[in-house]
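Reviewing the structure listed below.
Side-chain atoms are counted along with the backbone in the values below, which use heavy atoms only and exclude waters and symmetry mates. Indexing begins at 1, ligand by ligand and atom by atom, following the structure's order. Along the sequence shown, residues are numbered consecutively beginning with 1.
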Amino acid sequence: MPDSTLITHIGELVTNDGDAGSFAAMADAALVIAEGRVAWTGPASQAPAADDAVDAGGRAVLPGFVDSHAHLVFAGERSAEFAARMAGRPYQAGGILTTVAATRAAADDALRANLARLAAEMARQGTTTLECKSGYGLTVADEARGLALAAEVTPEVTYLGAHVVPPEFTGDPAGYVDLVCGPMLAACAPHARWIDVFCETGAFGADAAAAILAAGRSAGLGARIHANQLGPGPGVRVAAEAGAASADHCTYLTDADVEALVSAQVVATLLPGAEFGTRHPYPDARRLLDAGATVALATDCNPGSSYTSSMPFCIALAVRDMGMTTQEAVWSATAGGARALRRSDVGHLGVGARADLILLDAPSHTYLAYRPGVPLIAAVWQAGRLVAGSVTL
Ligand SMILES: [Zn+2]
């Protein structure tokens, strides 16, 4: 790798480096990468020399996507369930147990290979930071194993022992919460940065969710939550009270929920792949943005409700069906995701940021929604290293 690389003739350089926490871009731009970081951005006509040069040919350059919500440690697939759902059967949280059984039965190497396949698939689609949850093991050993495997591909590892109550505890859900907060947490915390809970009818209620997040915080883990996905509920309130970094899904919100997200500065992470995959109504991003909430977009990649790894797909859905402008959707998929993970080094291309960037085969970010389903990611750099695609015109 050369010491410094100049990318020039960038038609649109999305930097997100304004101080208002909103989309920022410049035309006819250049960018210099040095030592894995953004060293310079500005007009192409004023670009400094570098050891190596890449001609973007008028195409757009964006920050790499930050996918702040994914479930990648699993075995098996559930395409038959998806097909049945599309034929009219409703989605129920219990489908998770199908994947739990397959995951428990899988060898480490099988889980590792599936995880590597999905992480590579994400990289090819422009994702340079990903979060990965456990939650398909639901025993002390299986959860700890899942988190250790996730930590091989990302530092943003989330302990989700509280995904659903496993069949062994059907008659004793309180006993399972004790396990999640006790021996399972002790085994999992060393591998994780975050703790998460699925707060939903059929999964965990408000008191259990609050207890689980509090236990995680005592073990040094930051809080995030699956909230208000399938109907109105207490999840967002629990998130605000726990000081969670993010409340994820946020599909069914009261006015009080929206106010709680804003006042407690909890990022609302919207996961439109889940609404697509369950044929539910999409969350109303416009309402959240107009109220002053910080919105992130993520894939929720998992084999049940949302088996997409594509941030461009989520951007297109958000623009088409959730009231977001193209600029807002791209910000939410980059800087918004970074905020959901409390990261300041990714999601933008200000000087000093990690050099995570995407070269689009298009002149502007708008094409991500304007040309949905088209593979527009030409090249991807992570920390200054080309990890996918090529820079050839
Ligand atoms: Zn999820």
Side-chain angles (χ1 to χ4, degrees), residues 66-74 77-78 81-82 85 91-100 103 115 118-119 122 127 129-138 143 146-147 150 154 156-165 180 192-204 209 212-213 216 221-231 233 235-236 238-239 244-252 266-278 280 282-283 295-311 313-314 317 332-333 336-337 340-341:
V66 179
D67 188 349
S68 61
H69 186 135
H71 307 248
L72 308 182
V73 187
F74 65 86
E77 56 90 87
R78 284 152 59 191
E81 184 189 308
F82 174 81
R85 204 159 55 230
Y91 173 68
Q92 290 171 330
I96 292 166
L97 294 176
T98 309
T99 300
V100 170
T103 304
L115 185 54
L118 291 166
M122 287 177 160
T127 297
T129 300
L130 69 94
E131 183 259 18
C132 182
K133 303 174 195 297
S134 65
Y136 296 117
L138 309 185
E143 284 296 299
L147 292 168
T154 181
E156 302 297 343
V157 173
T158 301
Y159 165 45
L160 181 59
H163 199 183
V164 69
V165 175
V180 166
R193 179 170 182 227
W194 303 98
I195 188 166
D196 194 345
V197 54
F198 190 16
C199 184
E200 200 76 42
T201 303
F204 297 88
I212 288 161
L213 296 183
L221 304 181
R224 37 204 331 108
I225 190 166
H226 284 66
N228 304 62
Q229 175 188 1
L230 303 174
V236 163
V238 170
S246 179
D248 296 32
H249 286 292
C250 291
T251 309
Y252 291 91
V266 177
V267 175
T269 299
L270 308 183
L271 309 168
E275 279 75 33
F276 180 92
T278 57
H280 277 211
Y282 290 103
V295 173
L297 287 171
T299 62
D300 195 16
C301 184
N302 77 83
S305 57
S306 181
Y307 203 6
T308 181
S309 55
S310 172
M311 291 294 279
F313 175 65
C314 295
L317 292 179
S332 292
L341 295 171

- For the residue pair Tyr136 and His71, categorise the inter-ring angle as parallel (less than 30°), tilted (30 to 60°) or perpendicular (more than 60°). tilted

N, O or S atom within [X] nearest to the Zn ion (ligand 1), by name:
X	result
Asp300	OD1
His69	NE2
His226	NE2

Any side-chain heavy atom of [X] sitting closer than 4.5 Å to one from [Y]?
X	Y	value
Phe74	Ile96	no
His226	His69	yes
Leu230	His249	no
Lys133	His163	no

- Query: Taking 2.8 Å as the cut-off, does an N/O/S atom of Asp196 lie below it from the Zn ion (ligand 1)?
  - Reply: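 Under 2.8 Å: Asp196 has no N, O or S contact with the Zn ion (ligand 1).
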
- Query: Does any N, O or S atom in His249 come within less than 2.8 Å of the Zn ion (ligand 1)?
  - Reply: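 Checking His249: none of its N, O or S atoms is under 2.8 Å.
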
